[in-house]
Visitor: 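Here it is, the structure, as structure tokens.
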Amino acid sequence: MIDEEYKKLLKQFHKLSDRHILVVETDMSSSDIQKVVALSERIRKAGNELVGLMRKNYDQLMRTKKYRKLLKLYGSTEDKKKRKTLAEQLNEMQKQYNVTWDYCRTAMIPIGKKYGIDAVFALTKAEDVWRGMEKCLYDNGKTLHFSKYGDLPCIRAKQINRGIPMSVKDNKLQFKLGKSTFGIQIKDRFQTDELNAVLDYLAEPEIIDNKAIQTLLDEAYCIDTYRPCYATLVPKFIRGKYRVYLHLTIEGKAKPKCDRFGNLRHKFGKGIIGADIGTQTIAYTSDTEVGLKNLAERGNSIQKSERLERLYYRAMDRSRRATNPQNYNVDGTVKKGRKSWKYSNHYKKLKNKYSELCRINAINRQLAINEDTNHLRSLGDVFITEPKNASKLMKRAKETTVNSKGKFNKKKRFGKSIKNRCPSGFQTTVEIKFKTTGGTYIEVPNNYRASQYDHTADDYIKKRLSDRMYHLTDGTLVQRDWYSSFLLYCYDYRTKDIDKNKCITDFNNYYIKEKALIEWIKTNKIKVLNSGIKIA
């Protein structure tokens, strides 16, 4: 095979293959950790300087009437040729006002030199800034945001031989940053399996690359090569100390996790799962099991931790108001304009406690989401749910309404629930899990309306949001979220509608399981949020 053709095929394979990230802690000395933290802080400052520059250019672009008019025309035009012409005009104006990737990249070069940052790290930071700029230009982004003091951005070099080069010594991976050399701490079987796979690739890279290309040509399939793509250093402040983690991006799918006896930790089931994901709970119906539980909850301590988080925040607010009375109006609102803030030692201690508690709660949420996702994957391989709508539910109500007592209704929506329970993050994790493990993830169309259909009446009946326990037309009392999951379980992928015959034939069997589930929740006194299940 000719070298140019070989390189072309190899590049195509790299583009098509999967990637995953191995997270391990480094064995850096305390002095090296401080150097990494200092470099991360310089990258943050350089990034903020570039954000200020790009934000100024973007604001000037958005002020022009011509650009806003072109955007409006582009959105309302359906003709492809006209849209192409309008897109060219929009791109031309972006070049005119220096809102382009080329300008972002070149503008970062002198900024990177000013802060003494390696060119490859500066380029990576410029890519991150441009990604935010693209969200403003082409998606629902409104403006670029600065990184505040204390935020430690990752140190990433998107080339394995630059910035953070990697080598093998005594059958162990070694990394280099500047003049300091460091290794990684391997703590479990999964990390050992991943490391061995990477070392196997580095021992004979050409043979594995040839095999990958041949498999791609013969079977149109990408094998898992476990080629290390690039490394990223992530500094974190944990329990009053800085620790540095290495995120190694590896080509291929992650190794399956096994216990100490070599058995698979997570089993993959077969069958259909219908799931109704709410703002705080999930109800699901599968071939073997029905369930109703709170999202992102590991044990009973999470609700106490969330309450403690709120108490710390309120204490911080009281302290801040007491030491800065000049920054507040008589009614308690913050004054407009530039202000200087003073923080007491008491406030600083509270802030450290609050930050640590937020970190612990965030990790517990992610672990709980992963556990629930693995359990759902063990029940079946076809996951059916409604489209994500968490971002819409977070928006405040626009219209001012009055209740029956003559008082104004609150405009706030489900922001706190979504922050604590992460329904969108859970749904994304489920989607990735099912797709990467050979399963199927289906989002029903918007006109499916599982929460409004009544199979006993064969009609859509609108219900109030407060009606959690609902009587069907024939008098059967069902928990609303579970019933929605049952209707999603009865989805017909051919007609993309409810399979009414399946609803009628399977309902009694699953209704018995639902009654047993509610009885079990009451017996064990489990508080399921917004479920309508009353515990004595």
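Source: prediction; values computed, not measured.
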Visitor: Checking the side chain of Asp151 only, and the main-chain atoms of Ser147 only, is there a donor and an acceptor separated by less than 3.5 Å?
Guide: no

Visitor: What salt bridge (charged side-chain N to carboxylate O under 4.0 Å, His left out) pairs are there with at least one residue in residues 12-24, not counting sequence neighbours?
Guide: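 For residues 12-24: none.
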
Visitor: Run the side chain to side chain contact (heavy atoms under 4.5 Å, CB included) test against Ser424 and tell me which residues pass, sequence neighbours left out.
Guide: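 Side chain to side chain contact (heavy atoms under 4.5 Å, CB included) list for Ser424, sorted by chain: Lys388, Ala390.
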
Visitor: Counting N and O atoms only, with roles assigned by atom type, does the side chain of Lys435 sit under 3.5 Å from a partner on the main chain of Lys433, one being a donor and the other an acceptor?
Guide: no

Visitor: Roughly how far, to the nearest 0.5 Å, is CG of Leu71 from NZ of Lys66?
Guide: 12.5 Å

Visitor: Lys69: what forms a salt bridge (charged side-chain N to carboxylate O under 4.0 Å, His left out) with it, not counting sequence neighbours?
Guide: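 In terms of salt bridge (charged side-chain N to carboxylate O under 4.0 Å, His left out), with neighbours along the sequence ignored, Lys69 is linked to no residue.
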
Visitor: Any sub-3.5 Å donor-acceptor pair from Asp481's side-chain atoms to Gly278's backbone N or O?
Guide: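 Checked: no pair found.
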
Visitor: Would a distance-only check, ignoring hydrogens and angles, find a side-chain to backbone donor-acceptor pair under 3.5 Å from Thr385 to Ala275?
Guide: yes

Visitor: Going by the rule salt bridge (charged side-chain N to carboxylate O under 4.0 Å, His left out), which residues pair with Arg63 if we only count those two or more places apart in sequence or in a different chain?
Guide: none

Visitor: Spell out, as yes or no, whether a donor-acceptor pair under 3.5 Å connects the side chain of Asn91 to the backbone of Ala87.
Guide: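 Such a contact is found between Asn91 side chain and Ala87 backbone.
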
Visitor: Is the terminal nitrogen or CZ of Lys496 (NZ for Lys, CZ for Arg) located under 6.0 angstrom from the six-membered ring centre of Tyr491 and within 45° of that ring's axis?
Guide: no

Visitor: Scan Glu297, Lys419, Arg298 and name whichever one has a side-chain contact (heavy atoms from CB on, under 4.5 Å) with Arg365.
Guide: Lys419

Visitor: Please list, chain by chain and in numerical order, all residues satisfying salt bridge (charged side-chain N to carboxylate O under 4.0 Å, His left out) with Lys187, sequence neighbours excluded.
Guide: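 Result, salt bridge (charged side-chain N to carboxylate O under 4.0 Å, His left out) vs Lys187: Glu25.
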
Visitor: Going by the rule salt bridge (charged side-chain N to carboxylate O under 4.0 Å, His left out), which residues pair with Arg494 if we only count those two or more places apart in sequence or in a different chain?
Guide: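 Once residues adjacent in sequence are excluded, the partners of Arg494 under the salt bridge (charged side-chain N to carboxylate O under 4.0 Å, His left out) criterion are Asp492.
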
Visitor: For Asp188, what residues pass the side chain to side chain contact (heavy atoms under 4.5 Å, CB included) criterion, not counting sequence neighbours?
Guide: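 By the side chain to side chain contact (heavy atoms under 4.5 Å, CB included) rule, Asp188 matches Phe190, Gln191.
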
Visitor: Any donor-acceptor pair under 3.5 Å linking the side chain of Asn140 with the backbone of Lys135?
Guide: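 Not at all, since once roles are kept as given, no pair shorter than 3.5 Å links the two residues.
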
Visitor: Verify, without hydrogens or angle tests, whether Ser76 (side chain) and Leu73 (backbone) share a donor-acceptor contact under 3.5 angstrom.
Guide: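 Indeed, once roles are kept as given, a pair shorter than 3.5 Å links the two residues.
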
Visitor: Hey, does the side chain of His20 reach the backbone of Gly252 with a donor-acceptor pair shorter than 3.5 angstrom?
Guide: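 Side chain of His20 to backbone of Gly252, a donor-acceptor pair under 3.5 Å: yes, one is there.
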
Visitor: Please collect all ring pair (Phe, Tyr, Trp, His ring centres under 6.0 Å) contacts where either partner lies in residues 462-482, sequence neighbours excluded, each pair once.
Guide: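 The answer is Trp482-Phe486.
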
Visitor: So does Tyr226 get a backbone contact from the side chain of Asp224, meaning a donor-acceptor N/O pair under 3.5 Å?
Guide: no

Visitor: Is a side-chain donor or acceptor of Thr124 paired with a backbone partner of Arg156 at a separation under 3.5 angstrom?
Guide: yes

Visitor: Please list all pairs meeting side-chain hydrogen bond (donor to acceptor under 3.5 Å, both in side chains) that have one or both residues in residues 250-264, counting only residues at least two apart or in different chains.
Guide: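 Those involving residues 250-264 are His14-Glu251, Ser17-Glu251, Thr225-Glu251, Arg227-Glu251.
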
Visitor: Surrounding OH of Tyr460 (heavy atoms of other residues, nucleotides or ligands, distance under 6.0 Å), is the total greater than 12?
Guide: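 More than 12 within 6.0 Å, yes.
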
Visitor: Side-chain atoms of residues 507-521: list all donor-acceptor pairs with protein atoms under 3.5 Å, sequence neighbours left out, distances to 0.1 Å.
Guide:
unit_1 : atom_1 : unit_2 : atom_2 : d
Tyr510 : OH     : Ser286 : O      : 3.3
Tyr510 : OH     : Tyr489 : OH     : 2.9
Tyr511 : OH     : Leu477 : O      : 3.0
Glu514 : OE2    : Gln479 : N      : 2.9

Visitor: Taking atom OH of Tyr313 as the centre, report whether more than 12 heavy atoms of other residues, nucleotides or ligands fall under 6.0 Å from it.
Guide: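 Incorrect, the count does not exceed 12.
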
Visitor: Under the side chain to side chain contact (heavy atoms under 4.5 Å, CB included) rule, collect the residues that match up with Asp459, sequence neighbours excluded.
Guide: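 So Asp459 forms a side chain to side chain contact (heavy atoms under 4.5 Å, CB included) with Ala457.
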
Visitor: Given the ring of Tyr74, does Arg83 sit roughly above its face, with NZ or CZ under 6.0 Å from the centre of the six-membered ring and within 45° of the axis?
Guide: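 Judged by the rule (NZ or CZ under 6.0 Å from the ring centre, within 45° of its axis), Arg83 counts as positioned above Tyr74.
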
Visitor: Please identify each residue that fulfils side chain to side chain contact (heavy atoms under 4.5 Å, CB included) with Asp474, with sequence neighbours left out.
Guide: Thr456, Leu472, Thr476

Visitor: Below 4.0 angstrom, N of the basic side chain to O of the carboxylate: do Arg320 and Asp317 qualify?
Guide: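 Result for this pair is yes, salt bridge flagged.
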
Visitor: Can you classify the ring geometry of Trp101 versus Trp130 as parallel (below 30°), tilted (30 to 60°) or perpendicular (above 60°)?
Guide: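 Answer is tilted, since the angle falls between 30° and 60°.
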
Visitor: For Ala283 and Ser485, work out which heavy atoms get closest and say how close.
Guide: O-CB, 3.3 Å

